[in-house]
Q: 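I'd like to ask you about the structure that follows.
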Amino acid sequence: MDGIKNTSDIEYKLGVLKSNNYYIRDEEQPLNKALFKTLFKTQHELVKRNNSYCKYLLKKNDFSIFHPTYFDPYFLKYLKNPLVITVHDMTYEALPQFFNSGDPLPYYKRLLMEKADKIIAISENTKMDIIKYSKIKEDKIEVVYHGIDLTPSAYASIKHLPENYILFVGSRWSYKNFHTVALAYKSLLTKFPDIKLILAGGGALTYGDSEFLLRNDILDKTIQISVTDEQLNTLYKNAICFIYPSLYEGFGLPILEAFKNNCPVILSNCSCFPEIAGDAAVYFDSQSPKSLEEKIESLIENLPLRKEMIAAGNKKTLEYPIENCVRKTIDLYLSIS
């Protein structure tokens, strides 16, 4: 949307009456005033009223392209113009064992993929998995990589930040493969007892998380913190390495965040990771804590290797300017409008 603002021959309208989304806080939201607060007592009310507003805009038909941000088919019977959807990943389809079989999202996703005039896949790996797990034809799919703002990062201080730590970012459940990181870290402590494990985001430790860490004698070495974007940059910048152990991702934007902030990256050898990071990262066997432990140890003990990886990451980041993502998305809109 920010890119469209700087493009003369295209404009957008956001179909939102009110949202708690931090990243669109400055966008026009007709009911984002204290006067209307009583209309949005629950998340259900928020979704319901935003859907109604979108239906109103769809019926007006004063637009060329509709690009929803989630797989909810409520709009289909009102839509007369071309539909573009973004498929970020095919995790539900590739790893169904990790999800509730009663969740309608895979059905909704398939329905919208079949109805869409164009599908944006955020990596070649996602494109190939769309083809693998559906009957969508290849010519309907366009790969548009995510991008990152290449201007210098802003940083913010974090109180009591340990001197030496490895970094894990985001959710810790199921296919995110956090337990492999925890077990590798446990073994690593026998040789490097002063290194901490920092968990950025992902919510406070659950009972299950805490019990698992406690049973493995690493709870007192583990720090979970919620951070701003600027503080997250600081965590990347000062970490020994960033570990992304997930069994499946569609792109892996934290990889670019780490690269940009001079942080060596260790990735599982899964899904899109080799495509996105190439030779700028170190890879481990996703099922082997020992494999991960060895990769972390090599970075701790080999400062020249860390510097080499930082340089490679900086270079790789240049392949993903946000401007490319914006331009290719707009070009796709114009091709079917």
Side-chain angles (χ1 to χ4, degrees), residues 19-25 43 69-70 88-89 91 95 98-99 122 146-149 153-185 195-214 216 218-268 270-273 276-277 281 286 292 296 313 317 320 322:
S19 173
N20 299 320
N21 189 317
Y22 172 83
Y23 293 101
I24 58 172
R25 64 194 184 281
Q43 181 66 20
T69 58
Y70 196 63
H88 293 272
D89 58 63
T91 313
L95 300 173
F98 288 111
F99 299 94
I122 61 172
H146 281 325
I148 193 166
D149 184 352
S153 296
Y155 297 97
S157 62
I158 301 173
K159 291 182 179 179
H160 311 302
L161 187 65
E163 183 176 355
N164 296 304
Y165 62 90
I166 58 178
L167 179 64
F168 178 96
V169 175
S171 301
R172 300 181 292 273
W173 65 291
S174 73
Y175 70 93
K176 296 297 185 177
N177 204 21
F178 167 68
H179 294 88
T180 295
V181 176
L183 292 174
Y185 174 66
I195 291 177
K196 304 290 186 182
L197 172 61
I198 290 186
L199 314 178
L205 292 177
T206 62
Y207 287 119
D209 288 337
S210 296
E211 285 300 308
F212 180 80
L213 297 172
L214 182 67
N216 285 282
I218 55 175
L219 181 59
D220 62 336
K221 299 279 190 177
T222 304
I223 303 168
Q224 191 283 324
I225 50 176
S226 297
V227 290
T228 64
D229 290 345
E230 293 76 16
Q231 288 174 321
L232 180 58
N233 290 337
T234 299
L235 287 179
Y236 282 126
K237 182 179 180 181
N238 292 285
I240 293 169
C241 62
F242 161 60
I243 303 169
Y244 207 169
S246 184
L247 302 178
Y248 191 102
E249 296 293 335
F251 181 92
L253 193 58
I255 297 170
L256 301 190
E257 295 172 345
F259 284 165
K260 182 181 177 182
N261 290 290
N262 298 325
C263 182
V265 173
I266 300 178
L267 302 173
S268 65
C270 294
S271 64
C272 67
F273 288 158
I276 302 306
S286 63
L292 176 55
I296 300 171
T317 307
Y320 299 100
I322 189 62

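Atom set for the values below is all heavy atoms of this structure, side chains included, hydrogens, waters and symmetry mates excluded.
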Q: With no hydrogens and no angle check, is any side-chain donor or acceptor of Thr222 less than 3.5 Å from a backbone partner on Leu197?
A: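 Here the side-chain-to-backbone pair does not exist.
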
Q: Which heavy atom in Ala277 sits nearest to a heavy atom in Leu267, and how many Å separate them?
A: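 Smallest heavy-atom distance, with atoms named: CB-CD1, 3.5 Å.
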
Q: Which value, rounded to the nearest 0.5 Å, describes the distance between Tyr248 atom OH and Ser246 atom OG?
A: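 If I round to the nearest 0.5 Å, the distance is 10.0 Å.
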
Q: Can you tell me how far apart CG (Asn262) and OG (Ser153) are? Round to the nearest 0.5 Å.
A: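 These two atoms lie 8.5 Å from each other.
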
Q: Enumerate donor-acceptor pairs with a distance under 3.5 Å from any side-chain N or O in residues 155-168 to protein atoms, sequence neighbours excluded.
A:
from   : atom 1 : to     : atom 2 : distance (Å)
Tyr155 : OH     : Asn261 : OD1    : 2.8
Tyr165 : OH     : Leu235 : O      : 2.7
Tyr165 : OH     : Ala239 : N      : 3.3

Q: What's the shortest heavy-atom distance between Tyr185 and Lys221, and which atoms?
A: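 Heavy atoms of Tyr185 and Lys221 come nearest at OH-CB, 3.0 Å.
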
Q: How close do Ala200 and Leu232 get, counting heavy atoms only, and between which atoms?
A: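 Nearest heavy atoms, Ala200 then Leu232: CB-CD1, 4.1 Å.
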
Q: Not counting sequence neighbours, which residues clear salt bridge (charged side-chain N to carboxylate O under 4.0 Å, His left out) with Lys176? List them please.
A: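 Residues passing salt bridge (charged side-chain N to carboxylate O under 4.0 Å, His left out) with Lys176: Glu249.
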
Q: Specify the closest pair of heavy atoms between Asn20 and Gln43, including all atoms of both residues, with the distance to one decimal.
A: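 Smallest heavy-atom distance, with atoms named: ND2-OE1, 4.4 Å.
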
Q: Give me the ring orientation class for Trp173 and Phe99: parallel if the planes are under 30° apart, tilted from 30 to 60°, perpendicular past 60°.
A: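 Because their plane-to-plane angle is over 60°, the rings of Trp173 and Phe99 count as perpendicular.
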
Q: What is the distance from atom CZ of Arg172 to atom CG of Leu199, rounded to the nearest 0.5 Å?
A: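 CG of Leu199 is found 5.5 Å from CZ of Arg172.
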
Q: So, taking the atom named OH in Tyr175 and the one named SG in Cys270, what distance separates them when rounded to the nearest 0.5 Å?
A: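 Rounded to the nearest 0.5 Å, the OH-SG separation comes out at 12.5 Å.
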
Q: Nearest 0.5 Å, please: how far is CD in Glu211 from OG1 in Thr206?
A: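 Result: 9.5 Å between the selected atoms.
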
Q: Taking only residues two or more places apart in sequence or in another chain, which ones pass salt bridge (charged side-chain N to carboxylate O under 4.0 Å, His left out) with Asp89?
A: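 So Asp89 forms no salt bridge (charged side-chain N to carboxylate O under 4.0 Å, His left out) with any residue.
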
Q: Minimum heavy-atom separation for Asn21 to Ser19, with atom names?
A: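 The pair with the smallest heavy-atom distance is N-OG, 3.0 Å.
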
Q: Is it true that a side-chain atom of Tyr320 and a backbone atom of Ile276 form a donor plus acceptor pair closer than 3.5 Å?
A: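 Yes, because the side chain of Tyr320 sits within donor-acceptor range (under 3.5 Å) of the backbone of Ile276.
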
Q: Closest approach of Leu213 and Ala182, non-hydrogen atoms and distance?
A: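 Scanning both residues completely, I find the closest heavy atoms to be CD2-CB, 4.1 Å.
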
Q: Measure the spacing between CD1 of Ile198 and CD of Gln224 and express it to the nearest 0.5 Å.
A: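 Atom-to-atom, Ile198:CD1 and Gln224:CD are 10.5 Å apart.
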
Q: Are the side chain of Tyr244 and the backbone of Val169 linked by a donor-acceptor contact shorter than 3.5 Å?
A: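 Not at all, since once roles are kept as given, no pair shorter than 3.5 Å links the two residues.
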
Q: Quick one: does Leu183's side chain get under 4.5 Å of Phe212's, heavy atoms only?
A: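 With C-beta onward as the side chain, the pair touches.
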
Q: Give a yes or no on this: more than 12 heavy atoms of other residues, nucleotides or ligands lie within 6.0 Å of atom CZ of Phe98.
A: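 Count over threshold, so yes.
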
Q: Judged by atom type as modelled, is there a donor-acceptor pair below 3.5 Å linking the side chain of Asn177 to the main-chain atoms of Leu247?
A: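 No, because the side chain of Asn177 does not come within donor-acceptor range (under 3.5 Å) of the backbone of Leu247.
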
